[in-house]
Amino acid sequence: QVVESVSSKWFENIRLGGYTQLRYNRLFETNEDLTCEQCDKSLGKGKGFFLRRARIRLAGNLSKRVYAYLQFDMATAFSNSIQHGLGLKDAYFDLALNDERSHRIRFGQSKIPYGFENMQSSSNRLALDRNDAINSAAKDERDLGAFYYYTPVGIRKRLSFLTRSGLKGSGDYGMFGFGLYNGQGAGRIEQNDNLHVIARFTYPFLVGEKQIIEAGIQGYKGKYSVSLSEVNENRENLFADERVAASLTVYPQPFGFQGEYNIGKGPEYNALTNRTEEQSLTGGYAQLMYRYAGDKHTFIPFLKYQYYDGGKKFELDARSYLVRQTEIGVEWQWDKFELVGLYSFEDRNYVDGLKPVNHQVGSRFRLQAQFNY
Amino acid sequence: QVVESVSSKWFENIRLGGYTQLRYNRLFETNEDLTCEQCDKSLGKGKGFFLRRARIRLAGNLSKRVYAYLQFDMATAFSNSIQHGLGLKDAYFDLALNDERSHRIRFGQSKIPYGFENMQSSSNRLALDRNDAINSAAKDERDLGAFYYYTPVGIRKRLSFLTRSGLKGSGDYGMFGFGLYNGQGAGRIEQNDNLHVIARFTYPFLVGEKQIIEAGIQGYKGKYSVSLSEVNENRENLFADERVAASLTVYPQPFGFQGEYNIGKGPEYNALTNRTEEQSLTGGYAQLMYRYAGDKHTFIPFLKYQYYDGGKKFELDARSYLVRQTEIGVEWQWDKFELVGLYSFEDRNYVDGLKPVNHQVGSRFRLQAQFNY
Amino acid sequence: QVVESVSSKWFENIRLGGYTQLRYNRLFETNEDLTCEQCDKSLGKGKGFFLRRARIRLAGNLSKRVYAYLQFDMATAFSNSIQHGLGLKDAYFDLALNDERSHRIRFGQSKIPYGFENMQSSSNRLALDRNDAINSAAKDERDLGAFYYYTPVGIRKRLSFLTRSGLKGSGDYGMFGFGLYNGQGAGRIEQNDNLHVIARFTYPFLVGEKQIIEAGIQGYKGKYSVSLSEVNENRENLFADERVAASLTVYPQPFGFQGEYNIGKGPEYNALTNRTEEQSLTGGYAQLMYRYAGDKHTFIPFLKYQYYDGGKKFELDARSYLVRQTEIGVEWQWDKFELVGLYSFEDRNYVDGLKPVNHQVGSRFRLQAQFNY
């Protein structure tokens with residue numbers, strides 16, 4: 001894993017790539033008021049075709065010790081009439097502390113190492129959206145900060161294999177990781193004088209000849225400044241924000257399993273008091289999948305169940321959620337093209353100061369076409 | 001037209017390019033209140049140098065059957081102090097249904113196949129702005145959807161020749177095209193539960209040894225949600241939006257002609273009732289040009305007349321327009337550099353709820369420098 | 001300096017590069033109300049890690065006579081929740097008037113040729129922010145316009161050497177330059193019917209074998225439209241905007257000096273009358289540095305003092321400033337990575353209609369990690 005030499009030609013050092021996702025969510029929809037701000041802004045009434053992501057990524061080894069990663073999205077909504085603004089996703093660089101690059105410090109905006117599904121690229125995920133329980137830990141899974149990662153060379157090779165082989169690994173965010181970051185989420189300015197602190201440990205066990213089982217634990221602690229609505233009777237907006245999670249992945253060769261669960265405490269709107277209060281939170285998901293890799297085509301049917309009871313700190317009033325959702329679908333890969341179709345059954349109760357009663361139940365069929373470049 | 005092989009090097013598959021246009025419109029201006037929101041935001045009072053477009057495009061064959069096209073603009077105004085935001089223009093991919101790629105499905109945001117001038121790149125157009133009549137069919141000529149295109153290999157070669165040769169063709173949007181799309185325009189979220197449906201047929205006839213005459217027809221149908229001003233007495237904002245157009249192009253070898261006309265119905269503000277109402281619309285343009293291609297320099301003088309009587313659905317209250325405009329100018333091409341100078345004589349009546357009386361007549365000289373990369 | 005040939009491969013003509021800066025400014029901070037809008041939006045209360053710049057640049061010779069330069073930033077704040085928008089920095093092209101390219105016309109958005117530190121890339125500057133006195137001449141150092149530059153081939157080589165060699169030159173903005181531009185600043189639409197006019201002359205003297213001393217003068221004249229606050233009792237917002245500056249740089253081999261001073265007149269808020277008025281302005285800076293270039297590491301300690309008494313036309317009410325600041329720090333370069341640490345001692349009085357009393361004094365330690373790609 002030593003970088004032997006770096007080319008003098010920019011195009012051999014830096015690789016440009018990315019992926020784009022087009023969705024349509026209105027088939028067999030039973031409840032047009034069933035929406036999810038964090039998941040997909042084209043769910044429900046009045047919506048149609050939707051560009052969920054249009055990503056361009058530039059990455060490569062700048063030198064033997066410095067690796068850079070830049071990624072921006074061109075389908076980030078600023079308002080209804082500006083749906084396709086630029087959203088910076090990643091702008092980080094890894095400074096290796098040794099030639100094998102097993103010890104690294106990462107500076108910039110990057111994914112915070114919390115959760116397997118959070119780390120996994122959306123281009124690899126089977127379900128269209130991440131689970132509410134773990135994904136509510138960080139806005140866009142990312143933040144600004146400095147992180148230390150340690151990955152022995154052997155583990156690095158294994159993690160790299162899991163991504164390259166089509167087994168949908170999460171990439172190398174360290175066997176062990178530790179970091180300091182702002183905590184308000186990607187693309188948002190820090191609002192308080194407290195940094196968040198995070199740590200994670202993950203290990204991909206080799207079981208038998210080829211089966212790999214990855215298990216991980218992670219936790220973070222910090223304070224979060226919530227955006228409160230006018231009607232909210234709370235005026236203090238700084239809250240404790242602390243979580244721990246466990247992750248388990250059995251890679252699909254051909255049967256696979258993926259599950260995560262987290263508990264913690266954080267801000268959550270309380271409709272009874274019309275205040276945002278510190279409350280406990282709990283939730284996770286479990287997913288079964290089967291990978292059939294044919295000559296030219298790959299099919300991966302999957303079944304996912306998720307549950308979340310807690311607040312979403314980066315939504316208005318730290319909106320309160322109680323979510324139960326079952327998804328059954330299949331991903332078809334053909335060359336640079338992927339198509340996912342899934343049926344989703346959802347029961348969502350989500351309330352804030354402006355909408356203190358809001359319980360939505362329903363189902364729908366969702367479609368996503370993706371191309372990778 | 002079979003893609004024989006795809007390189008493993010990203011920079012040989014994907015080509016990066018684009019163009020930038022700098023304008024100055026204030027010479028010999030006779031009426032500083034003569035503006036045009038859709039054409040150019042630097043017309044009239046208080047304006048100066050203006051970056052009309054700064055485009056970066058990434059495109060290429062990702063595999064034998066998948067072609068991708070991404071284009072963004074870096075001179076998209078969000079407000080007076082944010083003139084240079086990112087506007088996503090294209091993010092689509094073509095999935096070929098056969099190896100010759102004569103049958104394709106296009107997914108994503110792309111130009112909707114309505115009108116020759118709409119399809120033609122702004123880097124190739126002689127006049128600085130598109131005609132009001134056909135261009136009012138779609139905001140930024142583009143929308144989100146799925147399109148089927150059929151182009152036999154021989155026709156594809158002819159269309160490709162028309163673009164590459166400097167004859168200013170419109171590219172290959174199918175000899176026959178059919179599509180479904182949101183209908184609210186590029187970069188805007190769908191506002192209603194109706195998709196637009198569109199169809200187009202075009203054919204480039206070879207006349208004699210080299211002359212090519214292209215004729216096309218196209219039509220679409222849908223419903224549009226209009227943004228109404230506070231004073232508008234209409235409260236229902238969903239309107240029928242239907243048009244048909246005919247196009248004729250005689251490519252300049254050396255004399256050329258280009259003309260299009262469309263009729264239809266759609267929302268249009270009515271100053272008498274102070275309401276936006278469904279009304280008929282009609283209009284088009286005719287252009288004469290002559291192409292002198294010297295050793296290093298090419299000159300193309302042109303004369304264009306346009307007329308439009310109808311509404312612009314994507315402007316406030318579906319602003320009502322009655323436009324008569326004559327332009328006479330010349331394009332000078334030298335290497336990667338192009339300069340256009342044109343004299344424009346305009347008579348524009350354009351009214352909405354906030355400005356129910358607005359008849360502007362005048363002339364001015366306009367300059368544009370363009371570079372292609 | 002003749003471009004012999006241009007490749008047919010896009011990636012050999014166009015070079016992609018850039019740099020990213022991550023900052024943390026809260027160490028040993030003595031006054032959390034000491035901020036500076038133009039310098040760094042993460043100074044003071046509630047702030048944390050901050051992405052100051054995340055740049056991508058595309059540049060190259062498109063043909064023997066046409067050179068293009070595009071640069072955008074992905075860390076431009078539009079609002080607190082949109083910190084990382086796209087800001088177009090440069091979009092210009094140089095049209096050479098002769099094969100040696102000693103005479104050029106530059107079209108588009110580019111740096112206006114006013115001041116040495118303004119021209120120097122932020123990736124090369126030692127201090128984290130530019131000086132207030134000269135940098136207040138142009139918002140983001142840039143504007144839209146057309147510029148003529150003359151640089152004899154010998155001088156061009158010398159200027160090019162100063163950039164490539166790590167001596168932190170400012171690049172080639174002409175030995176002599178002259179231009180017309182809007183004057184409202186980069187990314188802002190022109191607000192008045194007056195263009196700005198500018199001229200500059202700079203000369204890098206070779207002293208002895210290798211020492212180079214560069215001296216320059218520059219001046220501009222125009223009218224500026226100021227944004228006034230509601231409470232401002234002035235209603236006319238168009239003001240004269242005129243300056244002249246002198247620059248002197250002794251390149252660090254190993255000892256170096258850099259100094260600039262400008263005087264002029266322009267809009268400035270007056271707290272006594274609660275009006276923005278035409279006032280004189282004066283200020284500049286002086287910097288000492290020492291460059292130690294080791295085998296793999298380079299260290300450049302520096303000391304900078306700056307002073308400014310005048311308005312900032314592009315801030316609210318043309319905010320009035322009286323600034324005295326001393327900075328002492330060191331830049332460490334290692335490969336593609338740079339780290340700057342500096343101690344800043346500041347005395348800033350800055351007032352506008354909304355905050356007519358605001359005198360802040362304090363010190364802090366600032367850190368910046370930068371990577372170049």
Side-chain angles (χ1 to χ4, degrees), chain A residues 9-26 29 32 41-42 44-60 72-88 296 334-339 367-373, chain B residues 6 9-14 16 56 58-74 76 78-79 82 85-95 105 107-109 139 143-146 180-196 225 227 314:
Chain A
K9 293 173 177 160
W10 74 269
F11 48 88
E12 290 181 343
N13 294 339
I14 298 178
R15 170 152 170 49
L16 188 149
Y19 61 98
T20 290
Q21 295 175 336
L22 179 72
R23 295 188 178 176
Y24 189 79
N25 296 312
R26 308 294 308 278
E29 180 190 70
E32 67 177 20
K41 291 187 175 64
S42 71
K45 189 152 87 183
K47 300 307 189 300
F49 289 107
F50 183 66
L51 209 54
R52 180 61 179 87
R53 293 176 176 91
R55 299 280 177 87
I56 291 180
R57 178 189 62 234
L58 293 162
F72 61 92
D73 185 45
M74 300 182 293
T76 298
F78 295 162
S79 68
N80 271 356
S81 62
I82 305 176
Q83 281 287 307
H84 299 155
L86 177 134
L88 179 65
K296 290 186 164 178
W334 177 47
D335 207 67
K336 302 290 186 175
F337 174 69
E338 290 181 22
L339 188 69
L367 272 172
Q368 174 182 285
Q370 175 179 309
F371 66 116
N372 305 307
Y373 29 95
Chain B
V6 174
K9 293 172 177 160
W10 74 269
F11 47 87
E12 290 181 343
N13 294 338
I14 297 178
L16 187 149
I56 292 181
L58 293 162
N61 289 306
L62 303 178
S63 68
K64 294 188 181 186
R65 294 283 191 90
V66 179
Y67 171 82
Y69 192 104
L70 294 164
Q71 187 183 210
F72 61 92
D73 185 45
M74 300 183 293
T76 297
F78 295 162
S79 67
I82 306 176
L86 176 136
L88 178 65
K89 291 296 158 185
D90 299 283
Y92 65 79
F93 57 114
D94 283 359
L95 187 66
I105 298 180
F107 296 94
Q109 180 167 298
K139 170 81 179 144
D143 216 309
L144 266 179
L180 292 171
Y181 61 100
N182 283 345
Q184 289 296 119
R188 298 193 171 182
I189 202 154
E190 176 64 318
Q191 304 276 5
N192 54 66
D193 290 335
N194 299 279
L195 292 178
H196 275 53
S225 300
S227 286
F314 39 75

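Proteins get letters first, then strands, A, B, ... in listed order; numbering begins at 1 in each.
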Practice item. Examine whether an atom of B:Phe107 lies under 4.5 Å from a heavy atom of chain A, and if so say whether it belongs to the side chain, the backbone or both; otherwise answer neither. Key: both
Check your understanding: Highest number of heavy-atom pairs under 4.5 Å with chain A: which of B:Ala186, B:Gly85, B:Gly145, B:Gly108?
Key -> B:Gly145
Check your understanding: Quick one: what part of B:Phe11 sits under 4.5 Å from any heavy atom of chain A, side chain, backbone, both or neither?
Key -> side chain
Exercise for review: Test A:Phe371 against B:Leu62 for side-chain contact (heavy atoms from CB on, under 4.5 Å), laying out the working first.
Suggested key: CA-CA 9 Å; A:Phe371 66 116; B:Leu62 303 178; 3.8 Å; yes
Check your understanding: Side chain, backbone, both or neither: which part of B:Leu95 has a non-hydrogen atom closer than 4.5 Å to chain A?
Key -> side chain
Check your understanding: Which atom pair, heavy atoms only, marks the closest approach of B:Ala146 to A:Phe49?
Key -> N-CZ, 4.0 Å
Revision key, fill the gap. Heavy-atom closest pair (A:Lys45 atom, B:Asp193 atom, distance to 0.1 Å) is C-OD1, 3.9 Å
Revision key, fill the gap. Looking only at heavy atoms, the pair that brings B:Arg188 and A:Gln83 closest together is C-CG, 3.7 Å
Revision key, fill the gap. Most heavy-atom pairs under 4.5 Å with chain B, out of A:Ile82, A:Leu16, A:Leu22, belong to A:Leu16
Review point. How many angstroms lie between CH2 in A:Trp334 and CZ in B:Arg65, if you round to the nearest 0.5 Å?
Key: 4.5 Å
Exercise for review: To the nearest 0.5 Å, tell me how far B:Tyr69 OH sits from A:Thr20 OG1.
Suggested key: 14.0 Å
Review point. Distance from B:Asn182 atom CG to A:Phe50 atom CZ, nearest 0.5 Å?
Key: 10.5 Å
Exercise for review: Check whether any side-chain heavy atom of A:Met74 lies under 4.5 Å from a side-chain heavy atom of B:Leu70, and answer yes or no.
Suggested key: yes
Revision key, fill the gap. CD1 (A:Ile56) and CG (B:Leu58) are apart, to the nearest 0.5 Å, by 5.0 Å
Review point. Does the pair A:Asp335/B:Lys64 count as a salt bridge with the N-to-O cut at 4.0 Å?
Key: no
Review point. Which bit of B:Phe314 comes within less than 4.5 Å of chain A, counting heavy atoms only: side chain, backbone, both or neither?
Key: neither
Study note, to complete from the structure: When rounded to the nearest 0.5 Å, the distance separating NZ of B:Lys9 from CD of A:Glu12 is 6.5 Å
Exercise for review: Check A:Ala54 against B:Leu88 and note the closest heavy-atom contact, atom names and distance.
Suggested key: CB-CD2, 4.5 Å
Check your understanding: Between atom CG of A:Leu51 and atom OH of B:Tyr92, what is the distance when rounded to the nearest 0.5 Å?
Key -> 13.5 Å
Check your understanding: With only heavy atoms counted, which part of A:Gln370 is less than 4.5 Å from chain B, the side chain, the backbone, both or neither?
Key -> backbone
Exercise for review: Take the angle between the ring planes of B:Phe78 and A:Phe78 and call it parallel below 30°, perpendicular above 60°, tilted in between.
Suggested key: perpendicular
Point to revise | Atom group of B:Leu195 that falls short of 4.5 Å from chain A, counting heavy atoms | key: side chain
Exercise for review: Name the region of A:Gln21, side chain, backbone, both or neither, that has any atom closer than 4.5 Å to a heavy atom of chain B.
Suggested key: neither
Study note, to complete from the structure: Closest non-hydrogen atoms of A:Lys47 and B:Glu190, given as atom of the first, atom of the second and distance, are C-CG, 3.7 Å
